[in-house]
Amino acid sequence: MKFYNTLTRRKEDFVPLAPPRVGIYTCGPTVYNFAHIGNLRAFTFEDLLRRYLEYKGFAVQHVMNITDVEDKIIRTVRETGKTLAEFTGFYTAEFFRDLDTLNIKRAHITPRATETIPDIIKLIETLIARQHAYVADDGSVYYSIQSFPEYGKLSHRKLDEQLSGARVKQDEYAKEQMADFALWKAWNEDDGPVKWPSPWGEGRPGWHIECSVMSMKHLGPSFDIHCGGEDLVFPHHEDEIAQSEAATGKPFVKYWLHNAHLLVEGKKMSKSLGNFFTLRDLLAKGWTGREIRYALLSCHYRDPLNFTFDGLQAARSALQRMDEFLLKLQAVATTLAATERRPPEGFAPSKPIQSDFDSALDDDLNISGALGALFEFIREANKRTLGPDEAASILATWRRLDEVLGFGIPTKSEVPDGVQALVEERQAARKAKNFKRSDEIRDELAKQGWVIEDTPQGPRAKRK
RNA sequence: GGCGGGUUAGCCAAGCGGUAAGGCGGAGGUCUGCAAAACCUCUAUGCAUCGGUUCGAAUCCGAUACCCGCCUCCA
């Protein structure tokens with residue numbers, strides 16, 4: 001199994017620090033608003049990664065933080081007049097609901113920044129003691145980048161080289177160096193009631209420190225995988241490395257995996273362009289969680305994903321094809337073997353489905369290859385008449401693969417007695433060549449939201 | 001200015017030196033009383049352009065063009 005490691009800029013064989021355990025930390029949401037589909041792409045990718053590792057037999061320990069104190073939150077919470085906890089509690093709950101809608105597994109541990117303040121203070125004290133951090137006049141604490149010679153190793157940049165051409169914001173605080181970043185931000189009156197006591201006076205944690213603290217608290221000073229969007233490489237993850245390794249003297253993370261951003265209809269998502277979507281926006285337009293999941297998942301995580309409504313429609317159609325196949329398998333599998341004429345020879349697809357699926361995903365989660373293997377298999381199997389045993393066996397394999405994909409196996413929708421009666425009445429009318437009557441019934445069923453499919457095995461009612 | 005990514009059919013998208021996966025859409029067919037659905041078949045002599053290396057290149061090398069990301073809060 002290979003993953004592209006941002007740290008080395010290469011695909012590397014995945015070798016956990018202490019197999020079969022795998023520790024994963026994924027940067028979670030800042031809960032000041034509903035998650036948008038760009039955020040959700042990251043979480044969908046991380047879900048694929050986690051599910052695949054579990055599928056391969058690793059004992060995954062997944063930690064995802066909830067950032068529930070931060071500049072934007074403080075600003076917004078003041079406007080609403082709510083307490084910080086009420087405000088962030090609402091969006092945290094909505095966030096988890098979104099994950100459920102997309103069938104994204106929740107992390108085993110989801111620590112909140114505000115619940116980790118004592119640990120954060122402890123780590124800052126360590127950094128000060130080791131002379132990697134200093135207290136400014138206003139009671140803020142800053143990390144001294146100069147004190148960490150390896151700074152820049154993740155994002156592969158040298159600070160002095162790039163500052164010249166970059167836009168640089170005016171320094172608002174008493175930092176010694178431009179690029180130093182805050183570990184602890186001293187309270188000021190704009191922060192209102194949001195503050196915690198610390199050895200340096202009242203204030204709140206900086207953004208980067210919480211991830212160092214929460215990841216190491218639950219996964220240890222060194223762990224296997226750290227994920228996030230590509231925008232987090234610098235400065236967020238770079239700063240995490242600096243904080244963590246300076247404090248512990250140990251390598252922080254072995255594999256850094258970053259997902260690319262997405263575009264919507266070919267453009268960068270923005271509210272002013274009207275192409276900014278939250279999950280609820282899409283649900284309101286009639287798309288389902290699994291369709292959105294498919295659309296977000298079907299493109300490689302390191303490529304920019306162009307999220308479009310055409311793409312959603314393609315996802316819907318592709319899923320229908322899968323569902324159709326799986327429903328057919330279920331129908332065949334549940335047929336009594338004794339009454340079913342077995343095909344003359346066993347179904348032997350030209351390529352084994354699971355090994356193709358695995359080898360694609362082994363290669364840095366090549367989801368396109370994996371899905372390609374599945375659809376190729378469907379076409380081959382559709383050409384054949386399958387026996388019950390074969391169908392059952394394929395279904396069992398598919399269930400296993402779906403543990404990775406998380407699209408779900410469809411179940412035959414229950415047909416209400418009234419609908420079934422109409423279906424039978426129509427069939428009788430057709431037999432009697434009373435097509436006027438049978439078409440009337442078809443229209444009536446359509447009104448009730450049911451479509452009739454006349455298959456060689458007889459009519460079948462399906463929900464529209 | 002620094003660093004990085006991309007350009008494959010109408011759309012999305014694999015491919016990692018051996019002669020273009022897959023999905024959507026489209027066309028044809030099977031089935032059907034007619035439909036619908038489903039299924040099957042077909043759908044890139046060519047992979048941005050120009051050179052080069054090689055027996056062989058979408059794949060490697062060098063230019064060129066266009067697009068994009070990060071360098072500031074950000075998935």
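Heavy-atom basis, side chains included; hydrogens, waters and symmetry copies ignored. Within every chain, numbering begins at 1; the chains are lettered A, B, ... in the order of the sequence lines, protein sequences first and strands thereafter. Here the structure is a predicted model, which means the values were calculated and not measured.
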(message) B/A38, OP1 or OP2 - any side-chain N/O from A/Asn382 closer than 4.0 Å?
(response) no
(request) Decide whether A/Glu12 and A/Thr8 meet the rule of one side-chain donor and one side-chain acceptor closer than 3.5 Å. (result) yes
(request) Say whether, by atom type as modelled, one donor and one acceptor occur between the side chain of A/Asp239 and the main chain of A/His236 under 3.5 angstrom. (result) no
(message) Taking A/Lys56 first and then A/Asp362, would you say they form a salt bridge - that is, a charged N and a carboxylate O separated by under 4.0 Å?
(response) yes
(message) Should the side chain of A/Arg321 and the base of B/C39 be counted as holding a donor-acceptor pair, with the cut-off at 3.5 Å?
(response) no
(message) Nearest to the A/Arg426 side chain among B/U41, B/G23, B/A35, which nucleotide is it?
(response) B/A35
(message) Looking only at the aromatic ring of each residue, does the gap between the centers of A/Phe95 and A/Phe43 stay below 6.0 angstrom?
(response) yes
(message) Would you measure the distance from the P atom in B/A9 across to the matching atom in B/A58 and give it in whole Å?
(response) 14 Å
(message) Can you tell me which nucleotide in B/G69, B/C16, B/A75 comes closest to the side chain of A/Asp231?
(response) B/A75
(request) Choose from B/C40, B/C39, B/C73 the nucleotide whose nearest atom is closest to any side-chain atom of A/Glu324. (result) B/C39
(request) Have a look at A/Ile37 and say if it touches a base, only the backbone sugar-phosphate, or nothing, with a 4.0 Å heavy-atom cut-off. (result) nothing
(message) Between B/U43 and B/U53, how many Å separate the two P atoms, rounded to a whole number?
(response) 35 Å
(message) Determine whether A/Ser155 and A/Arg157 satisfy the following criterion, side chain to side chain donor-acceptor pair (under 3.5 Å), listing intermediate values before the conclusion.
(response) CA-CA 6 Å; A/Ser155 52; A/Arg157 61 189 72 200; 3.2 Å; yes
(request) Could you check whether A/Gly311 gets within reach of a base, just the sugar-phosphate, or nothing at all, counting any heavy atom under 4.0 Å? (result) nothing
(message) Nearest to the A/His261 side chain among B/A21, B/A75, B/G33, which nucleotide is it?
(response) B/A75
(message) Taking B/A14 as the reference, what is the distance to B/A44 when you measure between their C1' atoms (whole Å, please)?
(response) 14 Å
(message) Hydrogens and angles aside, do A/Asp231 and A/His261 bring a side-chain donor and acceptor to less than 3.5 Å of each other?
(response) yes
(message) Side-chain N or O of A/Ser317 versus OP1/OP2 of B/G25: is the shortest distance under 4.0 Å?
(response) yes
(request) Answer yes or no: does atom CD of A/Glu444 have more than 12 heavy-atom neighbours from other residues, nucleotides or ligands under 6.0 Å? (result) yes
(request) Could you check which of B/A21, B/G33, B/C70 has an atom nearest any side-chain atom of A/Ser438? (result) B/G33
(message) Across nucleotides 4-12 of chain B, 5' to 3', mark each nucleotide with B, S or - according to how protein heavy atoms within less than 4.0 Å reach it.
(response) S--------
(request) Counting Watson-Crick and G-U wobble pairs whose two distances are both under 3.5 Å, find the runs of 3 or more in a row that involve RNA chain B. (result) B:1-7 with B:65-71, B:10-12 with B:22-24, B:25-30 with B:38-43, B:48-52 with B:60-64
(message) Distance alone, cut at 3.5 Å: any donor-acceptor contact between the side chains of A/Asn275 and A/Glu265?
(response) no
(message) Could you tell me how far B/G10 sits from B/C47 if I compare only their P atoms? Round to whole Å.
(response) 13 Å
(message) Measuring from the side chain of A/Phe435 (C-beta onward, heavy atoms only), which nucleotide among B/A21, B/A14, B/G33 has the closest atom?
(response) B/G33
(request) Would you mind classifying the nucleic acid contact of A/Leu374 as base, sugar-phosphate or nothing, using non-hydrogen atoms under 4.0 angstrom? (result) nothing
(message) Given the structure, check if the side chain of A/Asp356 and the base of B/G22 hold any donor-acceptor pair shorter than 3.5 Å.
(response) no
(request) Report the distance from atom CG of A/Leu386 to atom P of B/A38, rounded to the nearest whole Å. (result) 19 Å
(message) Work out how far the P atom of B/C12 is from that of B/A48, and round it to whole angstrom.
(response) 14 Å
(request) Confirm from the modelled atom types if A/Arg442 and B/A36 form a donor-acceptor pair under 3.5 Å, side chain to base only. (result) no
(message) Quiz question: by atom type and distance under 3.5 Å, do the side chains of A/Asp68 and A/Thr114 form a donor-acceptor pair?
(response) yes
(message) Regarding A/His258, tell me which of base, sugar-phosphate or nothing describes its non-hydrogen contacts under 4.0 Å with the strands shown.
(response) nothing
(message) Looking only at the side chain of A/Glu230 (C-beta and beyond, no hydrogens), which of the listed nucleotides B/G25, B/G69, B/C34 gets closest?
(response) B/G69
(message) Please report the distance separating the C1' of B/A37 from the corresponding atom of B/C31, rounded so that it comes out in whole Å.
(response) 11 Å
(message) I want to confirm an ordering. Mapping A/Asp454 and A/Gly229 to their closest nucleotides on RNA chain B, which one lands closer to the 5' end?
(response) A/Asp454
(message) Measuring from the side chain of A/Arg157 (C-beta onward, heavy atoms only), which nucleotide among B/C71, B/C24, B/A35 has the closest atom?
(response) B/C71
(request) Can you run down the salt bridge (Lys or Arg N to Asp or Glu O under 4.0 Å) pairs that involve residues 298-310 of chain A, sequence neighbours left out, and say none if there aren't any? (result) A/Arg302-A/Asp364
(request) Verify whether one side chain among A/Thr278 and A/Asp281 offers a donor that lies under 3.5 Å from an acceptor in the other. (result) yes
(message) For the residue pair A/Asn259 / A/Glu230, report whether a side-chain donor-acceptor contact shorter than 3.5 Å exists.
(response) no
(request) Give one of base, sugar-phosphate or nothing for A/Arg316, where a contact means two heavy atoms less than 4.0 Å apart. (result) nothing
(request) Taking only the side-chain heavy atoms of A/Asn366 (C-beta and beyond), determine which of B/A36, B/G15, B/C40 contains the nearest atom. (result) B/G15
(request) Provide the distance between the two P atoms, one in B/A63 and one in B/G4, to the nearest whole Å. (result) 14 Å
(request) Taking only the side-chain heavy atoms of A/Lys11 (C-beta and beyond), determine which of B/C16, B/C24, B/A75 contains the nearest atom. (result) B/C16
(message) Please determine whether a side-chain nitrogen or oxygen atom of A/Lys268 lies at a distance below 4.0 Å from atom OP1 or OP2 of B/C70.
(response) yes
(message) Between A/Lys436 and B/C34, is there a contact of a side-chain N or O with OP1 or OP2 at under 4.0 Å?
(response) no
(message) If I pick the C1' atom on B/G29 and the same atom on B/A21, what distance separates them, to the nearest angstrom?
(response) 24 Å
